[in-house]
Amino acid sequence: KARWLIASLLVALVTLQTIPAHAVLNGEEQRENKWVVAITIKNGNREQLCSGVLIKPTIALTAKHCALNSKGKKFSKITINAPGSKFNFPFTEDMELRTVTKVIAPKEPKNKWNDDEGDVAFLKFDQPFTNYQLPTIGTPSQIATLKPWSLIKGYGYGTTGDGLSKYSPIPLRYELSWGNDDHAVLGTVVLIASVTSMACAGDSGGPITGILDDNQEVLIGVAASIANKGTSGCEKINPTKMYYLNFNLINPYLKYLKAN
């Protein structure tokens with residue numbers, strides 16, 4: 001088990017309504033980003049917001065819990081918004097949208113150390129977007145070069161958590177460091193702590209990148225869950241509290257994409 005209970009999934013369920021924009025905790029706007037995507041999931045009469053990242057022209061990467069329900073069944077409708085374009089939640093017809101036709105997800109690990117392990121899914125859609133870029137996926141040898149002070153960046157369309165219902169119309173970036181006193185790599189899951197910035201509701205499945213020694217930014221993971229001691233983690237930054245982020249390293253899961 002993890003040293004801390006990771007109690008709050010980043011995904012937020014809200015009733016269908018028009019929702020004003022807001023931001024992740026201390027997030028910076030990324031108006032020129034062309035690879036982070038917003039993902040809207042229809043689940044009965046509710047819509048669910050997640051984030052993701054394009055890794056191929058017609059494949060996005062996100063968290064498994066953003067694509068499959070607790071029984072492993074695909075949600076009734078999963079829609080991806082074009083990166084770098086207008087985003088509203090719930091989506092509007094003037095947005096450049098793609099509907100997911102297939103979900104590729106790994107089997108559950110036999111010896112999971114917590115519920116976040118294996119929380120990775122690939123979303124297939126049929127038509128590429130008109131304007132996009134693909135990030136460089138970090139190799140295991142590149143990830144091995146990350147040092148305690150190496151910069152880690154997270155991206156998403158999440159909220160500050162005041163009401164868990166206000167999302168950003170553009171992707172936002174939060175920054176962490178790879179290693180500190182509250183850092184652990186267990187299996188494919190990385191636990192990182194921060195007192196300055198963090199993901200929040202709606203950032204599930206959002207990309208996590210690492211900055212290499214040559215300043216190259218490479219994709220290394222997808223966000224799974226957050227918490228801080230005693231709260232859900234989705235609140236305004238409190239400098240006296242530590243925020244914890246779990247994310248999955250994605251390189252071990254690429255074989256599932258190749259196999260399917």
Side-chain angles (χ1 to χ4, degrees), residues 1-11 50-53 55 59-72 103-123 135-156 174 176-194 198-200 203-212 217-229 232-233 242-260:
K1 298 295 182 182
R3 287 179 292 168
W4 299 278
L5 176 63
I6 306 300
S8 173
L9 292 180
L10 306 183
V11 64
C50 278
S51 301
V53 55
I55 60 168
I59 295 177
L61 177 66
T62 190
K64 184 190 294 187
H65 72 264
C66 294
L68 305 179
N69 63 22
S70 59
K71 297 181 179 179
V103 174
I104 302 169
K107 295 180 180 179
E108 293 292 324
K110 291 183 179 180
N111 299 306
K112 294 180 67 172
W113 73 277
N114 84 345
D115 289 339
D116 288 333
E117 190 169 5
D119 194 8
V120 173
F122 303 94
L123 308 182
T136 300
I137 298 177
T139 65
S141 60
Q142 288 176 318
I143 294 173
T145 66
L146 293 174
K147 301 174 179 63
W149 56 84
S150 295
L151 183 63
I152 303 297
K153 297 182 180 182
Y155 297 83
Y174 52 96
L176 309 163
S177 60
W178 173 249
N180 50 42
D181 290 338
D182 295 304
H183 172 264
V185 181
L186 298 174
T188 65
V189 179
V190 179
L191 169 67
I192 286 185
S194 173
M198 185 54 64
C200 202
D203 289 320
S204 271
I208 306 293
T209 65
I211 308 301
L212 305 179
E217 184 175 12
V218 297
L219 179 64
I220 64 173
V222 290
S225 65
I226 62 169
N228 66 38
K229 292 180 179 178
S232 68
M242 190 74 77
Y243 298 83
Y244 301 99
L245 168 70
N246 267 7
F247 68 88
N248 272 278
L249 295 170
I250 61 170
N251 201 275
Y253 297 102
L254 296 178
K255 61 185 178 182
Y256 293 97
L257 179 61
K258 295 178 181 178
N260 289 274

Look up atom CD1 in I104 and atom CG in L123, then write down how far apart they are to the nearest 0.5 Å. 9.0 Å
According to the side chain to side chain donor-acceptor pair (under 3.5 Å) rule, which pairs have a member within residues 251-260, sequence neighbours left out? T188-Y253
Can you see which heavy atom on S204 is nearest to which on H65, and at what distance? OG-NE2, 2.8 Å
Closest approach of A223 and A63, non-hydrogen atoms and distance? O-CB, 3.9 Å
Looking only at non-hydrogen atoms, find the nearest pair between I192 and W178 and report the distance. CD1-O, 3.8 Å
Is there side-chain contact between I208 and Y174, with heavy atoms separated by less than 4.5 Å? yes
Can you measure from CG (L219) to CG (L249) and round to the nearest 0.5 angstrom? 10.5 Å
Approximate separation, where rounding is to 0.5 Å, of H183 NE2 and I152 CD1: 7.5 Å
Begin with the C-alpha distance, continue with both residues' side-chain angles, and end with the deciding distance and a verdict on side chain to side chain contact (heavy atoms under 4.5 Å, CB included) for L245 and L191. CA-CA 6 Å; L245 168 70; L191 169 67; over 6 Å; no
Could you tell me whether the side chain of T209 reaches within less than 4.5 Å of the side chain of V218, counting heavy atoms only? no
Are more than 12 heavy atoms from other residues, nucleotides or ligands located less than 6.0 Å from atom NZ of K147? yes
Under 3.5 Å, is there a donor-acceptor pair between the side chain of D119 and the main chain of N248? no
Could you tell me if the side chain of V190 sits less than 4.5 Å from the side chain of I220, heavy atoms only? no
When you measure from the side chain of T62 to the backbone of S51, do you find a donor-acceptor pair of N or O atoms at a distance under 3.5 Å? yes
So do I250 and F122 actually touch side chain to side chain, heavy atoms under 4.5 Å? no
Of all heavy-atom pairs between G52 and P207, which one has the smallest distance, and what is that distance? O-CD, 3.6 Å
P148 versus S177, closest heavy-atom pair with distance: O-CB, 3.9 Å
So which heavy atom on Q142 is nearest to which on G138, and how close? OE1-CA, 3.3 Å
Do the side chain of K64 and the main chain of P106 share a donor and acceptor less than 3.5 angstrom apart? yes
